[in-house]
Amino acid sequence: QAGSTNQSCRGRTMFLGALSFAYFSKSLSGSYMKSTITQLERRFDIPSYLIGVIDGSFEVGNLLVIAFVSYFGAKLHRPKIIAIGCLLMSIGTFIIALPHFIIGRYEFETSVRWEINSTDSPAPCPKNSAAIVAQGKCEGESNMSMWIYVLLGNVLRGIGETPVQPLGISYIDDFASQENAALYVGCVQTISVVGPVFGYLLGSMCAKIYVDIGFVNMETISIGPSDSRWVGAWWLGYLIAGVLTLLSAVPFWFLPRSLPVGQKGATRCTPEQTSFIKDSPLLENKYPADEPTGFLEMARDFIPTLRILLGNPIYLIYLCVTIIQLNSLIGMVTYKPKYIEQHFGQSASKANFLMGVVNIPAVALGMFSGGLCMKKLKLSLMGAAKFAFSTSLIGYFLSLFFFAMSCENAKVAGVTTHAHFIMSCNSDCVCSANDWDPVCGEDGITYVSPCLAGCTRSDGSGSNTVFAQCSCVGSAGNLTARTGQCLDREDCDRMFPYFLALSVITSFIISLGGTPGYMLLIRCIEPQLKSLALGFHALATRTLAGIPAPIYFGAIIDTTCLKWGQKRCGGIGACRIYNTAAYRTAYLGLTLSLRSASFLVCIPGFLLLRQQVRREQRNAVRGALANGGAEMEALGKDETADREAAVVPETKSVREPVVRDTEGSQPTAEHHSRDRETRL
């Protein structure tokens, strides 16, 4: 038994480590995908809603196989199925990076083209339309459809990720003691939140590196990381994430199909109790792996089993609440780096860095603390539900303060400010209204292009270019301008630290309820339905939250765009600048509206859960009374039998002398007294 216990402990430790690394790898690649959404928008010249389609394609991959993997996988070799999933995730991640090696070099939108080894400065103010036509020649447009490879790779990532969560969590819960299951799940969930820290840090590092680094002369690149046209080395992070995911598949090939059940509860139960008492603490909520079963037999049981699962009203309400809240969470997390970029004027690199270093660690700490609180406080089913609801509600009220943290729109002539004077001051230049090549004038206003700023001369090259004799800059004109947007926004700089602090606090408080809420899902269903319930939960949330949320969030954000980029062959590209106030209202308003709706759905859930808990308590009391009555009756019979067995021999031994005396003489008074005492 000691050897079996040691083997079980080693097996659980190895599986816990392997699953944690798999969670780390998949969450790192998933967060890296979200950190590159603005890079992908700019590289492939696509709007936000299409990025939402790419992001949601991961959930489509899950949708294709998750119900079958969760149901059939629970009856097969779970560790090896997880290993196959990690392998598929790795292949999908490599496919996402593939377009970079097929597509041509990135040519950002500009009104001025620089020639390598040329001593002549380009003219920012063309005098005829022929120059505009020459710059806008249509070529390489077919390369823009390469984003389809990103979509297909993300679908394959979703297929590979499918078995990791339902099979991994159910494997831990089946072969760990009930006291430690919540802590183990909390540890795995914490690791899954630590992964995004490194994912966003990787995104921050890659966003600083130019997309075609090593293949272009950086002196000719006139844009920097804070420019809305900048594209970082997005492909590099996917190669790193793919290697990590490939390594995470290795340990699962060496793990057994099943482990001995955790023995901590067995010290309180004798072998007879675990054999004959159906509600033994050792077996509660445990459902060890089935013996190998035929495929047809498993398929025949699938629909009836699913019907039983969906017949649980508490499970259905929990499903609705999590779907609504995940719509809010996924949409918010997907576009939060972009919100930081557009609203507070930060670069993509800094936005990703802050997400990884400041926001995500708060979430990880909250998840772990929630699991620890559940273990220490020994929360019941109702206690876990109240804890999760309370933390979500507190976080909701704190999130309302985000509306007060506003920034004014950047001053862009002709876009966010009135610029009727531009028509006269740059009338000598033939300018394209579709160009986006911003320059910052000495007057602190951003101009859409040096041509529209009325600049007639340029000095320097690349990002060090200074445009002179700009007739539209300043009230008197003839001031200078430099490349890039004006970044001086004092109100945003003052507000940004408060935004970060509030973001950390709300993330921590909301995450406290993550682990108790997840354990509520596991405990509100029958043990034999655990894997199917987890899988169907993942299926429903991915279908109704993971897929649509990035799409409609992106579509609503697109409505706040003020200036669209233009493709060389016609059509709109990625958005260059947004209406800050409208962006804030749409982004925060949609996030908090969804969470408000989820709280309303919680009300009938609490009522049903209270009824179930009371019903289980009554059944437990009745069972205890029935068992107690049977035990008392059995003990009474045993005592009666023992008393009779003791009395009969004693009576015989006392009466024998009386009989012998009656044969010879009459019994004495002493004999009568002894006989009376015996009868008494």
side-chain contact (heavy atoms from CB on, under 4.5 Å) evaluation trace for Ile557 with Gln342: CA-CA 11 Å; Ile557 289 172; Gln342 296 294 332; over 6 Å; no

Ser593 (side chain) donor-acceptor with Gly589 (main chain) under 3.5 angstrom: yes

Test item: Asp45 side-chain N/O and Ala574 main-chain N/O as donor-acceptor pair under 3.5 Å: yes

Taking every non-hydrogen atom, the tightest pair across Ser27 and Gly195: OG-CA, 3.4 Å

Donor-acceptor contact present, side-chain Ser90 to main-chain Cys86, <3.5 Å: no

Main-chain N/O of Cys440 paired to Thr446 side chain as donor or acceptor, under 3.5 Å: no

Main-chain N/O of Val150 paired with Asn154 side-chain donor or acceptor, under 3.5 Å: no

Whether Asp558 side chain and Tyr49 backbone form a donor-acceptor pair below 3.5 Å: yes

Positive for side chain to side chain contact (heavy atoms under 4.5 Å, CB included) with Tyr32, one of Tyr200, Phe198, Tyr238: Tyr238

Any residue meeting salt bridge (Lys or Arg N to Asp or Glu O under 4.0 Å) with Asp227, in chain and number order, not counting sequence neighbours: Arg229

Crowding at NZ, Lys336 (>12 non-hydrogen neighbours, <6.0 Å): yes

Six-ring centre of Tyr23, Lys26 cation under 6.0 angstrom, axis tolerance 45°: yes

Side chain Thr162, main chain Ile159, donor-acceptor under 3.5 Å: yes

Tyr396 ring center within less than 6.0 Å of Phe599 ring center: yes

Parallel, tilted or perpendicular: ring planes of Phe606 versus Phe389, cut at 30 and 60 degrees: perpendicular

Atom CZ of Phe401: over 12 foreign heavy atoms under 6.0 Å: no

Where Cys320 and Val601 come nearest, the two heavy atoms and their spacing: CB-CG1, 4.0 Å

Heavy-atom closest contact (Leu88 atom, Gly160 atom, distance): CB-CA, 3.8 Å

Aromatic plane relationship, Phe344 with Phe499 - under 30° parallel, 30 to 60° tilted, over 60° perpendicular: tilted

Parallel, tilted or perpendicular, as decided by the 30° and 60° cut-offs, for the rings of Tyr583 and Tyr578: perpendicular

Chi angles and distances behind the side-chain hydrogen bond (donor to acceptor under 3.5 Å, both in side chains) call for Trp230, Ser347: CA-CA 10 Å; Trp230 175 271; Ser347 67; over 6 Å; no

Neighbour count above 12 (heavy atom, 6.0 Å) for Phe402 CZ: yes

Minimum side-chain heavy-atom gap Lys338-Tyr587 below 4.5 Å: no

Closest non-hydrogen atom pair between Ala97 and Leu239, with its separation: CB-CD2, 3.9 Å

Minimum heavy-atom distance between Val211 and Trp235, given as atom pair plus value: O-NE1, 3.1 Å

Tyr498 atom OH, neighbour heavy-atom count above 12 within 6.0 Å: no

Side-chain donor or acceptor of Ser598 paired with backbone N/O of Arg595 under 3.5 Å: yes

Flag, side chain of Tyr335 to backbone of Pro550, donor-acceptor distance under 3.5 Å: yes

Name of the residue among Ile330, Leu329, Ile323 meeting side chain to side chain contact (heavy atoms under 4.5 Å, CB included) with Asn327: Ile323

Exercise: identify the closest heavy-atom pair between Gln39 and Ala348: NE2-CB, 3.3 Å

Pair Asn579-Thr560, side-chain donor/acceptor within less than 3.5 Å: no

